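As structure tokens, the structure follows; a few thoughts come after it.
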Amino acid sequence: MNLKTLEGRSLLTLLDYSKTEIRFLLDLAKQLKAEAKAGGPRQRFLGKTLALIFEKRSTRTRCAFETAFGEEGGHPVFLSTADIQLGAKESIEDTARVLGRMFSAIQFRGFRQSTVETLAEYSLVPVYNGLTDSFHPTQALADIMTLEESFGDSAGKTLCFVGDGRNNVARSLLVICAKLGINFRIVSPPSLSPDPALLDICGPLARESGAEILVSPDIADVKGAHALYTDVWASMGEEAVREERAGLLRPYQVNRPLMDRTGRPEAIFLHCLPAIKGEEVTADVIDGPRSRAWDEAENRKHTIKAVMLATLGCLAG
Ligand code: CP
Ligand code: NVA
């Protein structure tokens, strides 16, 4: 049974999704995961088409969208910027208009948030943000699903992001935690603190949900966290500042002593991947017993399938 408010919607930032809508998607994703383990072919995307536009590289996001859609009878079409005119010889608006006439939905991964917003405005079909410089909303859904697989209800739990607090992944976690009542800490050097404008938007959401938001440069603030989360020190497109970032973020590496500083033996480790082992996280942590990074990668597929089923109106009832 679908939640009718999700039909026809794009997923651009998660900011316009209510707590009820996010909870629906997470619960559906858990159901889909159980269903996938039980086996049995389904054809819920039969007759549907999905354009997958990639300006940046991807393993998980592309494969999650392609397999989730294709295995249920949908037809995904991969389009790199070497293949299509996207703002090169044709405006993004015009590309969007044309794709909207041919596809049931569009996924975009790339640089500017404005590109994915324009695609949604002009294509008139659901558009999914598969990562921009500003947000990575499908990642945040998989992250919270993974947190809940370890701890049950996520409300009132504490997730701590350690590293580049301004990046797309940290920003989307801030949004989803503020909506769902999950305490969220960003531990980062002051120059990499999250954008105050986004904190201003999330503050009232957190007050409403009961989430406590903390931004701190002090590594001691990992204490009490149920999960430590990190991401690469330099995101795609930031290759030129890699060295500088390494200098700033080396003291924020997630390693065994830092996991121990949570004071919780049951604390888990999360990472969106890809990871650079020996930089933002040590191999013994990401490959060790407290890591849930591989479940988290798998959960990308279940959460993305949930988003597509709900927004394309492909659920029974
Ligand atoms: N986590 C994530 O988005 O991975 P990819 O860059 O491989 O898609
Ligand atoms: N912050 C990273 C996430 C990769 C999934 C990047 O943008 O490169």
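What you see is a predicted model, and the numbers here were worked out from it, not measured in a lab. Counting convention: from 1, in listed order, for ligands and their atoms alike.
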Check this for me, if you would: do [X] and [Y] make a salt bridge, where the nitrogen-to-carboxylate-oxygen distance has to be below 4.0 angstrom?
{"X": "Glu243", "Y": "Arg250", "value": "no"}
{"X": "Lys33", "Y": "Glu149", "value": "yes"}
{"X": "Glu72", "Y": "Arg44", "value": "yes"}
{"X": "Asp164", "Y": "Arg245", "value": "yes"}
{"X": "Glu148", "Y": "Lys30", "value": "yes"}
{"X": "Lys179", "Y": "Glu208", "value": "no"}
{"X": "Arg242", "Y": "Glu239", "value": "no"}

Which ligand 2 atoms does [X] reach within 4.0 Å, using its non-hydrogen atoms?
{"X": "Leu131", "answer": "3 (C), 4 (C), 5 (C), 7 (O)"}
{"X": "Met236", "answer": "6 (C), 7 (O), 8 (O)"}
{"X": "Leu273", "answer": "5 (C)"}

Do ligand 2 and [X] have nitrogen or oxygen atoms that lie under 3.5 Å from each other?
{"X": "His136", "value": "no"}
{"X": "Asp231", "value": "yes"}
{"X": "Arg109", "value": "no"}

Identify all pairs of nitrogen or oxygen atoms, one from ligand 1 and one from the protein, separated by less than 3.5 Å, and list them with distances.
unit_1   : atom_1 : unit_2 : atom_2 : d
ligand 1 : 1 (N)  : Gln139 : OE1    : 2.9
ligand 1 : 1 (N)  : Cys272 : O      : 2.8
ligand 1 : 1 (N)  : Leu273 : O      : 2.8
ligand 1 : 1 (N)  : Arg300 : NH1    : 3.3
ligand 1 : 3 (O)  : Thr61  : OG1    : 3.0
ligand 1 : 3 (O)  : Arg109 : NH2    : 2.9
ligand 1 : 3 (O)  : His136 : NE2    : 2.8
ligand 1 : 3 (O)  : Arg300 : NH1    : 3.1
ligand 1 : 4 (O)  : Arg60  : NE     : 2.8
ligand 1 : 4 (O)  : Leu273 : O      : 3.4
ligand 1 : 6 (O)  : Arg109 : NH1    : 2.8
ligand 1 : 6 (O)  : Arg109 : NH2    : 3.4
ligand 1 : 7 (O)  : Thr59  : N      : 2.6
ligand 1 : 7 (O)  : Arg60  : N      : 2.8
ligand 1 : 7 (O)  : Arg60  : NE     : 3.1
ligand 1 : 7 (O)  : Arg60  : NH2    : 3.0
ligand 1 : 8 (O)  : Ser58  : OG     : 2.6
ligand 1 : 8 (O)  : Arg60  : N      : 3.4
ligand 1 : 8 (O)  : Thr61  : N      : 2.8
ligand 1 : 8 (O)  : Thr61  : OG1    : 2.7
ligand 1 : 8 (O)  : Arg109 : NH1    : 3.4
ligand 1 : 8 (O)  : Arg109 : NH2    : 3.0

Checklist entry - How far is atom 7 (O) of ligand 2 from its nearest protein heavy atom, and which residue and atom is that? => result Asn168 ND2, 2.8 Å
Item to check | Steps toward salt bridge (charged side-chain N to carboxylate O under 4.0 Å, His left out) verdict (Asp295, Arg300) | outcome: CA-CA 9 Å; Asp295 296 326; Arg300 297 296 309 286; over 6 Å; no
Checklist entry - salt bridge (Lys or Arg N to Asp or Glu O under 4.0 Å) with Arg292: which residues, sequence neighbours excluded? => result none
